[in-house]
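Single-structure report; data block below.
Keep in mind the model is a prediction, meaning the values are calculated, not measured. Quick note on labels: first sequence line is chain A, next is B, and so on, each numbered from 1.
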Amino acid sequence: MRIATWNVNSVRSRIDRVEALLVRHEIDVLALQETKARDDQWPVMGLEAMGYEVATLGHDQWNGVAIVSRVGLDDVQPGFEGMPQWGDPLASEARALGATCGGVRMWSLYVPNGRALGDPHLDYKLAWLSALREAARGWLDDDPTAQVALAGDWNIAPLDEDVFDITRFARSTHVSPAERAAFTAVLDAGYVDLAREHTPGPDVFTYWDYYRQRFERNRGMRIDFVLGSPALAQRVTGAAVDRDERAGKGASDHAPVIVDLD
DNA sequence: ATGGTCGTTTCACGA
């Protein structure tokens with residue numbers, strides 16, 4: 001089984017690339033972020049014709065997440081227990097969608113961006129991550145053998161080598177000690193980065209700004225991750241970042257992260 | 001400090 005995550009940056013402008021990605025890599029379950037489409041705007045027809053089911057969680061303005069699966073799509077759940085309320089104006093930027101696909105509890109996560117040090121959105125990001133960690137810990141408490149994938153755009157670069165030049169990020173979000181601690185806390189709750197061992201850095205990134213030829217110069221960030229429960233981590237046989245997907249005209253600013261399971 | 005480039009419910013703003 002092959003699972004993947006991709007911040008697609010508008011599914012309507014890139015549905016051809018989504019379909020080609022699924023075919024090219026024979027992906028069974030794909031978590032998408034920044035779909036930027038209301039549920040009624042989602043271009044599902046081609047995907048369904050290819051044998052995939054689609055669960056969407058749209059958004060009135062930005063973001064939006066989805067799960068695309070050809071191995072079942074059951075128990076679809078928007079958000080996780082304890083996630084900050086939808087009514088909170090700051091909460092509108094965060095999205096989480098869970099579903100069980102082929103025996104794996106798959107989550108498509110868009111972790112809040114945080115915007116800037118000192119911005120209330122950063123406090124919200126940390127609170128959101130804290131709630132996610134507690135929920136994820138609970139799933140393992142309930143069933144230590146659960147197969148859980150926390151896949152998405154985490155908007156955190158956990159290591160210095162996960163940004164193209166750490167000295168340029170001294171006063172930036174994504175690398176602050178508090179954000180990195182929030183990421184580490186999910187690892188401490190029992191989850192494992194499923195891709196890093198198979199995609200060692202430095203200079204392995206999943207996101208490159210559109211401007212200043214950041215991709216062409218490989219000046220990016222590694223901020224997209226699939227974290228897995230212990231039972232899922234045991235099944236990993238390989239992983240890859242589809243860097244080619246970021247190349248050329250009409251690309252998303254993120255590359256897909258793909259994980260192979262036995 | 002600024003600007004560069006994408007996307008969208010665009011002539012503004014989030015990333």
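No side-chain donor from either of Thr100(A) and Asp74(A) sits under 3.5 Å from a side-chain acceptor of the other. For the residue pair Thr206(A) / Arg243(A), no side-chain donor-acceptor distance below 3.5 Å is found, with atom types taken as modelled.
Between the P atom of dC6(B) and the CZ atom of Phe215(A) lies a distance of 13 Å, rounded to the nearest Å. Look at OH on Tyr110(A): it is 12 Å from C1' on dG7(B), rounded to the nearest Å. The nearest whole Å value for the distance from the CZ atom in Arg38(A) to the P atom in dG7(B) is 19 Å. As a whole-Å value, the separation of Trp208(A) CH2 from dA15(B) C1' is 16 Å. Distance CZ (Arg14(A)) to P (dA15(B)): 16 Å, rounded to an integer number of Å. To the nearest angstrom, P of dG14(B) lies 17 Å from CG of Asp153(A). The nearest whole Å value for the distance from the CG atom in Asp209(A) to the C1' atom in dG14(B) is 12 Å. The nearest whole Å value for the distance from the CD atom in Glu216(A) to the P atom in dT5(B) is 12 Å.
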Listed pairs under 3.5 Å, donor-acceptor, residues 140-151 of chain A side chains, sequence neighbours left out:
unit_1	atom_1	unit_2	atom_2	d
Asp143(A)	OD1	Thr145(A)	N	2.9
Asp143(A)	OD1	Thr145(A)	OG1	2.7
Gln147(A)	OE1	Arg235(A)	NH1	2.6

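Taking atom C1' in both dA15(B) and dT10(B), one finds a spacing of 15 Å when rounded to whole Å. Nucleotides dG14(B) and dG4(B) have their C1' atoms positioned 15 Å apart, rounded to a whole Å. When the C1' atom is compared between dG7(B) and dC11(B), the two are found 15 Å apart, to the nearest whole Å.
With dT8(B), dA15(B), dC6(B) as the choices, the nucleotide that has an atom nearest any side-chain atom of Tyr211(A) turns out to be dA15(B). The side chain of Ser10(A) approaches dT8(B) more closely than any other nucleotide in the set dT5(B), dT8(B), dG14(B). Here the nucleotide nearest the side chain of Glu34(A), chosen from dT5(B), dG14(B), dA15(B), is dA15(B).
Between Gln41(A) and Asp253(A), the one whose closest nucleotide on DNA chain B sits nearer the 5' end is Gln41(A). Between Arg171(A) and Arg12(A), the residue anchored closer to the 5' end of DNA chain B is Arg171(A), taking for each the nucleotide with the nearest heavy atom.
Under 4.0 angstrom from either OP1 or OP2 of dC13(B) there lies no side-chain N or O belonging to Arg115(A).
Residues satisfying the side-chain contact (heavy atoms from CB on, under 4.5 Å) test with Asp260(A), not counting sequence neighbours, are Arg2(A), Thr237(A).
Counting only heavy atoms from C-beta outward, the side chains of Gln33(A) and Ser108(A) approach each other to under 4.5 Å.
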